[in-house]
Amino acid sequence: MKKSTVNTAMIVFVGVASICAGSVLAQQKGGGDWSQGFPDDPAKKAQAAPPPPPPPPPPALLPPPAQAAPAAKAAQGQQPAQGTAAAPAPAPAAAPTGQQVDEAAQPGGGAGQATVKRPSTGIVGAESSMRLGIELSAGALAAAPYLFFEGGKRPGEGKVAYPKDRAIYQRFDDIVVKPAGGKELPYKTGDTVDVLRSMKKVRVNGEAARVVARTGRGVVIGFAGKKAVVKLTDVWGKVTGSERVDKAQAFSSAYFDDKPADGTVLRATVLLHLDNTISPYMHQYLVVDKGSEAGVKLGDFFRVADKEHPRKFSEELIEAQAVNVTPKSSTLVIHKIYRERLNPGDEAFLSFRAAEK
């Protein structure tokens with residue numbers, strides 16, 4: 001009994017001593033609560049490390065810029081001779097151009113490897129072929145009305161017969177052309193002819209004239225006695241019968257780079273504007289009393305202003321371009337409108353000179 005009591009006391013004593021020794025050791029290792037473990041506890045080192053940050057995006061696949069070659073090192077123990085200038089370092093290479101970048105292969109690639117493409121900026125260079133002028137088509141030039149000066153007579157040698165089964169001819173219809181004035185038609189099969197419509201009579205500087213417009217064009221496909229059969233290939237206006245037929249005049253599209261008049265003085269007077277509307281409208285035709293004899297060129301631009309009046313201020317009304325030029329008159333088509341009025345007698349001034357290409 002006594003021996004058992006002694007053993008129990010020894011066990012309690014050893015346990016208390018162990019606890020005290022552990023507390024002292026914890027304070028020597030860094031202090032703190034001994035029950036939380038030591039700072040260098042292997043259990044803490046075994047915890048999972050935080051995930052590494054994501055790798056940075058790969059750099060653009062561009063060729064590295066060229067670098068200057070390093071200057072050659074002097075041999076060991078040798079000094080440059082006195083009075084000898086050191087060789088200048090080579091200039092740094094210029095940055096690669098867009099074309100060089102496009103042609104550069106990807107790193108590690110050789111012939112046949114894919115290339116790096118840089119998107120286009122879309123900027124047009126100064127030497128680009130972009131055209132900034134105005135182009136007039138052959139049809140627009142052919143359809144422009146003009147003044148016909150022959151003592152007020154009608155142009156052409158033939159006359160279109162009235163249709164029997166319709167009110168108006170259409171493109172690719174066959175029309176019958178009769179001789180005008182009882183004369184034979186001076187055409188043969190395969191000839192191209194114009195269909196002309198007389199619109200009104202006018203007087204220019206005391207001389208009679210007619211406003212004429214081409215309303216169609218066709219090819220002679222045969223004859224029926226003295227009459228010719230013509231197939232309409234182009235129609236620019238109404239063809240209803242009684243129009244005159246004349247030999248076709250060739251037209252081709254023209255492009256003009258209009259330039260300032262540069263001191264060229266050219267003044268004309270408005271004779272009429274077609275349709276006789278109160279206000280002008282875009283692409284309306286007007287006729288002036290100056291033509292090629294006065295220096296007007298196809299494609300010239302004119303600004304039209306009010307007729308001079310001692311009690312009124314003259315304003316610019318429209319800007320128009322010459323689309324038909326005869327020796328004594330010119331036909332203009334309106335491109336810009338500044339005021340809602342236009343009258344015969346208004347004055348036109350050359351503003352831009354046509355430079356045909």
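Annotation: cation-pi geometry satisfied between Lys328 and Phe149 (NZ/CZ under 6.0 angstrom from ring centroid, within 45° of ring axis).
Between the Glu207 side chain and the Val204 main chain, no donor and acceptor come within less than 3.5 Å of each other.
Looking at heavy atoms from C-beta onward, Leu350 lies out of side-chain contact with Phe301 at the 4.5 angstrom threshold. By the 4.5 Å heavy-atom criterion applied to side chains, Ile134 and Tyr255 are not counted as neighbours. Considering only heavy atoms from C-beta on, Asp300 stays 4.5 Å or farther from Val325 through its side chain. Side-chain contact between Val288 and Val304 is absent, with no heavy-atom pair separated by less than 4.5 Å. Residues Arg210 and Arg154 are in side-chain contact: their nearest non-hydrogen atoms beyond the backbone lie under 4.5 Å apart.
The residues Arg166 and Asp173 are annotated as salt-bridged, a charged nitrogen and a carboxylate oxygen being separated by less than 4.0 angstrom.
Between the side chains of His335 and Glu319, not a single donor N or O lies within less than 3.5 Å of an accepting N or O. In this model, no donor atom of one side chain and acceptor atom of the other lie less than 3.5 Å apart for Glu347 and Thr269.
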* To do: Using the salt bridge (Lys or Arg N to Asp or Glu O under 4.0 Å) rule, take Lys178 and Glu157 through it: C-alpha gap first, then chi angles, then the decisive distance, then the call.
  => CA-CA 9 Å; Lys178 303 181 296 184; Glu157 303 89 359; over 6 Å; no
As a quick check of understanding, evaluate side chain to side chain contact (heavy atoms under 4.5 Å, CB included) for Val230 and Val245, giving each step before the final call. CA-CA 10 Å; Val230 176; Val245 175; 5.7 Å; no
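Interatomic distance, CG of Asp246 versus CZ of Arg214, reported as 8.5 Å (0.5 Å rounding).
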